[in-house]
Amino acid sequence: QVELVESGGGLVQPGGSLRLSCAASGTAFSSIRSVAVMGWYRQAPGKVREMVATFTNSGSTYVEDAVKGRFTISRNNAKDTTYLQMKNLKPEDTAVYYCRLSYGVLSENVYWGQGTQVTVSS
């Protein structure tokens, strides 16, 4: 079993900041911790879920162009927690943000968190 719990969402004004957290746990997680690849996705109303930022298999990070320079993905391995720092938020960043864990040769094993709502509005 792998459990992903997101937190940190909320209502923020344009130009504001938020930090999302994703805590991973579970009996299965313990055995895949070293190979798990963590990422953040988002889904706005009426749109498909899209990747925002992710770690790669090599441990580097990738950030989508739409949020590059504003969003940063990081992690604390000791706490099994992945973060998404979001700055200079815009109304178009409004969405449900999901944490994703994948592992496997082709990243075929995927787990999702329940999502946390981020609303950017004045």
Side-chain angles (χ1 to χ4, degrees):
Q1 177 187 5
V2 174
E3 186 176 15
L4 303 174
V5 179
E6 300 103 332
S7 60
L11 173 64
V12 63
Q13 292 186 341
S17 300
L18 283 175
R19 189 179 77 158
L20 305 182
S21 299
C22 172
S25 63
T27 53
F29 176 72
S30 300
S31 63
I32 63 170
R33 176 186 283 111
S34 63
V35 296
V37 175
M38 304 299 298
W40 286 97
Y41 289 65
R42 68 185 180 186
Q43 187 167 16
K47 295 188 177 181
V48 299
R49 192 172 298 186
E50 62 180 3
M51 184 175 68
V52 176
T54 186
F55 284 96
T56 68
N57 287 323
S58 64
S60 60
T61 61
Y62 176 81
V63 180
E64 283 292 334
D65 288 343
V67 302
K68 192 170 293 183
R70 300 189 296 120
F71 290 13
T72 303
I73 187 171
S74 63
R75 61 191 172 191
N76 184 325
N77 291 331
K79 296 184 177 181
D80 291 329
T81 300
T82 304
Y83 304 98
L84 184 68
Q85 178 68 53
M86 305 184 294
K87 299 179 180 179
N88 190 22
L89 283 160
K90 304 176 180 181
E92 52 263 41
D93 295 319
T94 295
V96 178
Y97 284 71
Y98 295 90
C99 177
R100 178 181 186 265
L101 180 154
S102 65
Y103 71 96
V105 175
L106 300 177
S107 299
E108 66 273 19
N109 302 289
V110 178
Y111 295 89
W112 294 94
Q114 82 287 353
T116 184
Q117 176 71 47
V118 172
T119 303
V120 185
S121 175
S122 55

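What's counted below: heavy atoms across the whole structure, side chains too, no hydrogens, waters or symmetry copies. The first residue of the sequence shown is numbered 1, and numbering continues consecutively from there.
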Qualifying ring pair (Phe, Tyr, Trp, His ring centres under 6.0 Å) pairs, either residue in residues 73-106, two or more places apart: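 Checked against ring pair (Phe, Tyr, Trp, His ring centres under 6.0 Å) - neighbours excluded - no pair reaches residues 73-106.
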Once salt bridge (Lys or Arg N to Asp or Glu O under 4.0 Å) is applied, what residue pairs with a partner in residues 107-122 remain, sequence neighbours excluded?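 Of all non-adjacent pairs touching residues 107-122, none passes salt bridge (Lys or Arg N to Asp or Glu O under 4.0 Å).
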Qualifying salt bridge (Lys or Arg N to Asp or Glu O under 4.0 Å) pairs, either residue in residues 94-104, two or more places apart: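 The answer is none; no pair qualifies.
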Which atom pair, heavy atoms only, marks the closest approach of [X] to [Y]?
X: Ser121; Y: Pro14; value: C-CD, 3.6 Å
X: Cys22; Y: Trp40; value: CB-CZ2, 3.6 Å
X: Leu101; Y: Val2; value: CD1-CG1, 4.1 Å

So, using side-chain contact (heavy atoms from CB on, under 4.5 Å) as the criterion, who are the partners of Ala44 when residues are at least two apart?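 Here the qualifying residues are Lys47, Ala95.
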List in chain and number order the residues that pass side-chain contact (heavy atoms from CB on, under 4.5 Å) with Thr54, two or more places apart in sequence or in another chain; answer none if no residue qualifies.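 With sequence neighbours excluded, Thr54 shows a side-chain contact (heavy atoms from CB on, under 4.5 Å) to Val37, Met51, Tyr62, given in chain and number order.
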To the closest 0.5 Å, what do you measure between [atom1] ([X]) and [atom2] ([Y])?
X: Arg19; Y: Met86; atom1: CZ; atom2: CE; value: 11.5 Å
X: Leu18; Y: Lys87; atom1: CG; atom2: NZ; value: 12.5 Å
X: Arg42; Y: Gln117; atom1: CZ; atom2: CD; value: 12.0 Å
X: Ile73; Y: Gln85; atom1: CD1; atom2: CD; value: 12.5 Å

Tell me whether Val96 is reachable from Val120 by hopping between hydrophobic residues (I, L, V, M, F, W, Y) whose side-chain heavy atoms are closer than 4.5 Å.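 Result: no, two separate clusters.
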Say whether Tyr111 and Val35 are linked into one hydrophobic cluster, either directly or through other cluster members, by side-chain heavy-atom distances under 4.5 angstrom.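 Yes, same cluster.
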Connected hydrophobic set around Val105, excluding itself, where side chains approach under 4.5 Å: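 Its cluster partners, ordered by chain and number, are Leu106.
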Ser58: what forms a side-chain hydrogen bond (donor to acceptor under 3.5 Å, both in side chains) with it, not counting sequence neighbours?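 Scan of Ser58 (side-chain hydrogen bond (donor to acceptor under 3.5 Å, both in side chains), adjacent residues dropped) gives Thr56, Ser60.
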Could you tabulate the donor-acceptor pairs under 3.5 Å formed by side-chain atoms of residues 63-72, not counting sequence neighbours?
| from | atom 1 | to | atom 2 | distance (Å) |
| --- | --- | --- | --- | --- |
| Asp65 | OD1 | Lys68 | NZ | 3.1 |
| Arg70 | NH1 | Asn88 | O | 3.0 |
| Arg70 | NH1 | Asp93 | OD2 | 2.7 |
| Arg70 | NH2 | Ala66 | O | 3.2 |
| Arg70 | NH2 | Asp93 | OD1 | 3.1 |
| Arg70 | NH2 | Asp93 | OD2 | 3.4 |

Any pair counted as disulfide bond (SG atoms under 2.5 Å apart), so long as it reaches residues 48-98, sequence neighbours left out: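 Every pair satisfying disulfide bond (SG atoms under 2.5 Å apart) with a residue in residues 48-98: there are none.
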Going by atom type alone, with no hydrogens or angles, which donor-acceptor pairs under 3.5 Å involve a side-chain atom of residues 3-13 and a protein atom two or more places apart or on another chain?
| from | atom 1 | to | atom 2 | distance (Å) |
| --- | --- | --- | --- | --- |
| Glu6 | OE1 | Gln114 | N | 3.0 |
| Glu6 | OE1 | Gln114 | NE2 | 3.3 |
| Glu6 | OE1 | Gly115 | N | 2.9 |
| Glu6 | OE2 | Cys99 | N | 2.7 |
| Glu6 | OE2 | Gly115 | N | 3.3 |

All pairs passing side-chain hydrogen bond (donor to acceptor under 3.5 Å, both in side chains) where residues 21-38 contributes a residue, at least two apart: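 The answer is Arg33-Asp80.
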Could you walk me through whether Asn109 and Ile32 pass the side chain to side chain contact (heavy atoms under 4.5 Å, CB included) check? CA-CA 11 Å; Asn109 302 289; Ile32 63 170; over 6 Å; no
Kindly write out the residues that satisfy ring pair (Phe, Tyr, Trp, His ring centres under 6.0 Å) with Tyr41, not counting sequence neighbours, or none if the list is empty.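 Here the qualifying residues are Trp112.
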